[in-house]
2 protein chains.
Amino acid sequence: MKRAGLPRLVDVAEAAGVSLASASRAISGGSGISPDVAAHVRRVAQQLGYEPNMHARGLAGGLVPTIGLVVHEIGDPYFADIASGVIRSASLEGRSVQIAQAERTPENELAQVQALLRQRIGAIIIAGSGYADTTREATMAETLAEFTLGGGRAAVIGRHHLPVDSVLPDNHGAGVTMGRHLAELGHRRVGVVAGPLDLNTVADRVAGLRAGLSDAGATLTVVSHPFTREGGIAGARDLLDQDVTAIVGLNDAMAIGILGELRNNRIRVPEDMSVVGFDDIAVAADVAPALTTARIPMFEMGRHAVALILRPPIDEPRTIATTHELIVRASSGPPPAS
Amino acid sequence: MKRAGLPRLVDVAEAAGVSLASASRAISGGSGISPDVAAHVRRVAQQLGYEPNMHARGLAGGLVPTIGLVVHEIGDPYFADIASGVIRSASLEGRSVQIAQAERTPENELAQVQALLRQRIGAIIIAGSGYADTTREATMAETLAEFTLGGGRAAVIGRHHLPVDSVLPDNHGAGVTMGRHLAELGHRRVGVVAGPLDLNTVADRVAGLRAGLSDAGATLTVVSHPFTREGGIAGARDLLDQDVTAIVGLNDAMAIGILGELRNNRIRVPEDMSVVGFDDIAVAADVAPALTTARIPMFEMGRHAVALILRPPIDEPRTIATTHELIVRASSGPPPAS
DNA sequence: AGCGCTTACGAAAGCGCTTCCGCTACGATG
DNA sequence: CATCGTAGCGGAAGCGCTTTCGTAAGCGCT
């Protein structure tokens with residue numbers, strides 16, 4: 001197949017009456033070129049409909065403008081929303097996005113990041129909670145540091161302790177808000193079905209909850225299960241023996257699982273038991289009963305991450321903190337009178 | 001940054017005692033090389049931990065093994081599930097996946113495909129219904145034909161009439177099954193909230209429904225709205241005046257919207273009105289009431305599509321037809337006695 | 001044994017770009 | 001006015017791979 005037509009950088013250079021080297025500097029924003037010439041070259045390139053060849057660029061040592069996105073599992077609405085935000089923003093900037101799934105294991109996450117870097121990808125976004133496991137986090141930090149040193153841009157969503165720009169959901173604050181909400185309703189014995197305890201997200205939300213609850217002298221019982229609907233079901237079973245009046249799912253998927261398990265046990269929500277979640281995924285409003293949850297702006301977080309990556313780096317890593325919002329629906333209410 | 005360590009193809013060639021050319025042929029499966037030598041080279045490459053450089057490959061005129069995936073909107077659970085299947089399978093084969101969103105417009109879809117091709121991507125999967133708009137489909141067909149002629153592999157999920165391998169959900173069959181289900185329950189006046197009527201998926205499902213319904217002499221009222229939860233809400237409003245006893249959402253998102261709108265109008269489901277959907281997205285089981293739906297195996301469709309593009313092409317496009325399954329939950333029942 | 005044919009392999013020419021290096025021309029400096 | 005430093009630009013060397021093209025070796029045939 002002859003891709004005859006596509007203009008190359010030489011064509012642009014020729015048309016603009018400059019050397020190939022200057023044209024390259026003009027297009028890819030290198031230094032050592034006068035603004036006038038650069039502008040002229042860019043105009044000519046525009047006219048010719050020039051599109052840089054990714055592969056040539058990658059080969060020649062430059063970084064490719066593709067954005068790599070690592071999520072745990074794209075089928076999870078939390079990550080799907082983030083991905084949607086990332087792709088939307090990237091697409092507006094003419095950047096393409098490569099997605100890799102870490103399948104919720106840290107080894108895989110690291111492997112996926114390294115695979116992305118081997119492709120000389122210019123920017124990488126890692127979404128999802130970090131792990132408390134410090135040796136693994138250290139390796140990741142090292143990998144990313146080397147990458148950014150080499151001119152790569154990196155950002156993380158929802159994890160701290162990594163030396164790159166980050167978008168941080170207000171997990172602790174959301175926990176506090178939710179804890180207060182339950183305490184205000186009158187709950188004094190609360191259970192939480194947490195995800196794996198070595199996840200930062202889990203630790204932060206639980207700590208927030210505990211803080212919000214303890215002001216009112218309420219107790220928190222923690223059980224840990226996978227961060228999924230099934231995990232929620234298992235957790236609900238654990239907590240059913242525990243004499244609590246409210247169960248918190250640490251994300252909406254878990255909360256939905258909890259709702260299902262309670263329904264199976266003919267326990268009414270919220271009359272007999274309150275159930276709340278985190279995130280406010282799209283369906284939270286549609287389950288039965290509609291779920292009270294702490295909204296985390298996933299889509300916007302994705303967009304923020306792209307914005308960070310497109311901005312030139314500064315010495316200190318930047319952090320964008322996002323807000324949370326308590327969405328009170330039908331699944332939370334006062335504890336039973338008894 | 002010195003990426004000193006990474007072995008190159010020359011290194012492999014040298015270590016194996018063959019020429020660069022032979023090594024290339026051995027690795028990228030070219031012809032004109034004896035099986036023995038090829039096997040030997042591959043073994044050496046393996047030992048050295050050789051990883052081909054995408055960009056060099058792309059530059060030299062080959063196609064890059066990356067898989068491009070075009071979906072309408074990754075935030076939609078239907079596409080998220082497909083994407084998850086695609087990424088999972090691709091990852092097992094060591095292929096990376098680039099995702100582009102068409103944002104539900106045909107122009108965008110075509111533009112995204114062309115952007116992908118410009119990157120010399122070796123394989124492309126287009127997910128989502130095709131459009132009845134024939135001129136646009138013709139352009140797409142032409143683009144893909146040229147691509148496959150140049151050695152690219154393409155597959156589509158859920159659309160016909162394109163001259164490439166395809167994975168086809170049983171939309172018509174699912175419609176028939178659902179129509180029969182409602183007819184058997186006793187419904188005689190059924191409404192359907194359809195997506196845009198120029199989508200193949202919509203046409204097929206509606207036709208199936210009508211067929212399944214008409215056997216029992218039932219009538220079908222069609223209204224059309226965007227293929228989203230909000231579209232479902234709007235459609236439900238339309239149909240409320242229409243004296244129907246069951247409303248079909250053409251996908252689960254719409255059905256969930258319908259459920260919400262009926263709840264707002266204090267119409268009980270399924271006592272006063274049955275509601276059913278299509279797809280069986282993860283949350284369909286958790287909404288109130290749990291949604292009766294026709295299950296389409298999205299995740300598996302994604303995997304099938306990857307399998308198709310990894311298989312060498314044959315003259316005739318292949319088709320993998322998938323099954324559907326009626327999942328009866330709580331949202332469908334007999335029509336009110338009146 | 002000699003002929004042409006096929007097949008396995010090596011040498012070398014790029015693919016389109018970035019970047020190092022060197023040159024020129026200018027303004028600043030003493 | 002002579003000298004040095006610097007900014008702007010062009011020449012040219014690769015980046016790692018695929019792919020002609022050419023050659024040598026192996027085959028069956030007359």
Side-chain angles (χ1 to χ4, degrees), chain A residues 1-42 45 48-66 118-122 150-152, chain B residues 1-42 44-45 48-66 118-120 122 150-152:
Chain A
M1 186 172 60
K2 275 262 114 52
R3 298 207 134 282
L6 291 180
R8 298 157 305 159
L9 190 52
V10 260
D11 302 325
V12 175
E14 203 165 317
V18 300
S19 76
L20 180 56
S22 297
S24 172
R25 287 187 271 255
I27 301 290
S28 22
S31 62
I33 190 169
S34 70
D36 297 355
V37 177
H40 175 229
V41 172
R42 273 197 282 266
L48 264 55
Y50 168 73
E51 287 277 0
N53 179 317
M54 283 341 162
H55 298 302
R57 208 174 251 192
L59 223 211
L63 257 21
V64 165
T66 300
R118 257 197 274 103
Q119 293 183 47
R120 289 182 166 284
I121 257 189
Chain B
M1 184 172 61
K2 276 260 113 54
R3 300 209 133 280
L6 290 181
R8 298 156 306 159
L9 190 53
V10 260
D11 303 324
V12 175
E14 203 166 316
V18 300
S19 77
L20 180 57
S22 297
S24 171
R25 286 188 271 254
I27 301 290
S28 22
S31 60
I33 190 170
S34 69
D36 298 354
V37 177
H40 175 230
V41 172
R42 272 197 282 267
V44 172
L48 263 54
Y50 169 73
E51 288 276 359
N53 179 317
M54 281 345 160
H55 298 303
R57 209 175 251 189
L59 224 209
L63 256 21
V64 162
T66 299
R118 258 199 274 103
Q119 294 184 46
R120 290 181 167 284

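So that the names make sense, note that chain A is the first sequence line, chain B the second, and so on, each numbered from 1.
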How many whole angstroms separate atom [atom1] of [X] from atom [atom2] of [N]?
X        : N       : atom1 : atom2 : answer
Glu14(A) : dG10(D) : CD    : C1'   : 14 Å
Leu20(B) : dG14(C) : CG    : P     : 16 Å
Asp36(B) : dA25(D) : CG    : P     : 19 Å
Tyr50(A) : dC17(C) : OH    : C1'   : 7 Å
Arg8(A)  : dC17(C) : CZ    : C1'   : 11 Å
Met54(B) : dC17(C) : CE    : P     : 20 Å
His55(A) : dG16(D) : NE2   : P     : 16 Å
Leu59(A) : dG16(D) : CG    : C1'   : 5 Å

[options]: which one has an atom nearest the side-chain heavy atoms of [X]?
X        : options                   : result
Arg57(A) : dG16(C), dC17(D), dC17(C) : dC17(C)
Arg25(B) : dG10(C), dT18(C), dC15(C) : dG10(C)
Ala60(A) : dG10(C), dT18(C), dC17(D) : dT18(C)
Ala21(B) : dG11(D), dC9(C), dA12(C)  : dA12(C)
Ala56(B) : dG10(C), dC17(D), dC9(C)  : dC17(D)
Val37(A) : dC9(C), dG10(C), dC9(D)   : dC9(D)

What is the minimum heavy-atom distance between [X] and [Y], and which atoms define it?
X         : Y        : value
Ala45(A)  : Ile27(A) : CB-CD1, 3.7 Å
Leu6(B)   : Asp11(B) : O-OD2, 4.4 Å
Arg120(A) : Gly58(A) : CD-O, 3.1 Å
Ala16(B)  : His40(B) : O-CE1, 3.3 Å

Next item on the list: If dT30(D) has a Watson-Crick or G-U wobble mate with both distances under 3.5 Å, name it; if not, just say none.
Entry: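 Base partner found: dA1(C).
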Next item on the list: Would you tell me if any nitrogen or oxygen in the side chain of Ser19(A) comes within less than 4.0 Å of OP1 or OP2 on dG11(D)?
Entry: no
Next item on the list: Using a cut-off of strictly less than 4.0 Å, decide whether Ser22(B) has a side-chain nitrogen or oxygen near OP1 or OP2 of dA8(C).
Entry: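 Negative; the distance criterion is not met.
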Notebook entry, point to check: Hey, is the main chain of Ala26(B) close enough, under 3.5 Å, to the side chain of Arg42(B) for a donor-acceptor pair?
Noted result: yes
Notebook entry, point to check: Taking for each residue the nucleotide of DNA chain C with the nearest heavy atom, is it Ser34(B) or Asn53(A) whose nucleotide lies nearer the 5' end?
Noted result: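 Looking at DNA chain C, the more 5' nearest nucleotide goes with Ser34(B).
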Check: Looking across every strand, which nucleic acid part, if any, lies under 4.0 Å from Ser24(A) by heavy atom: base, sugar-phosphate, or nothing?
Finding: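 Contact class for Ser24(A): base.
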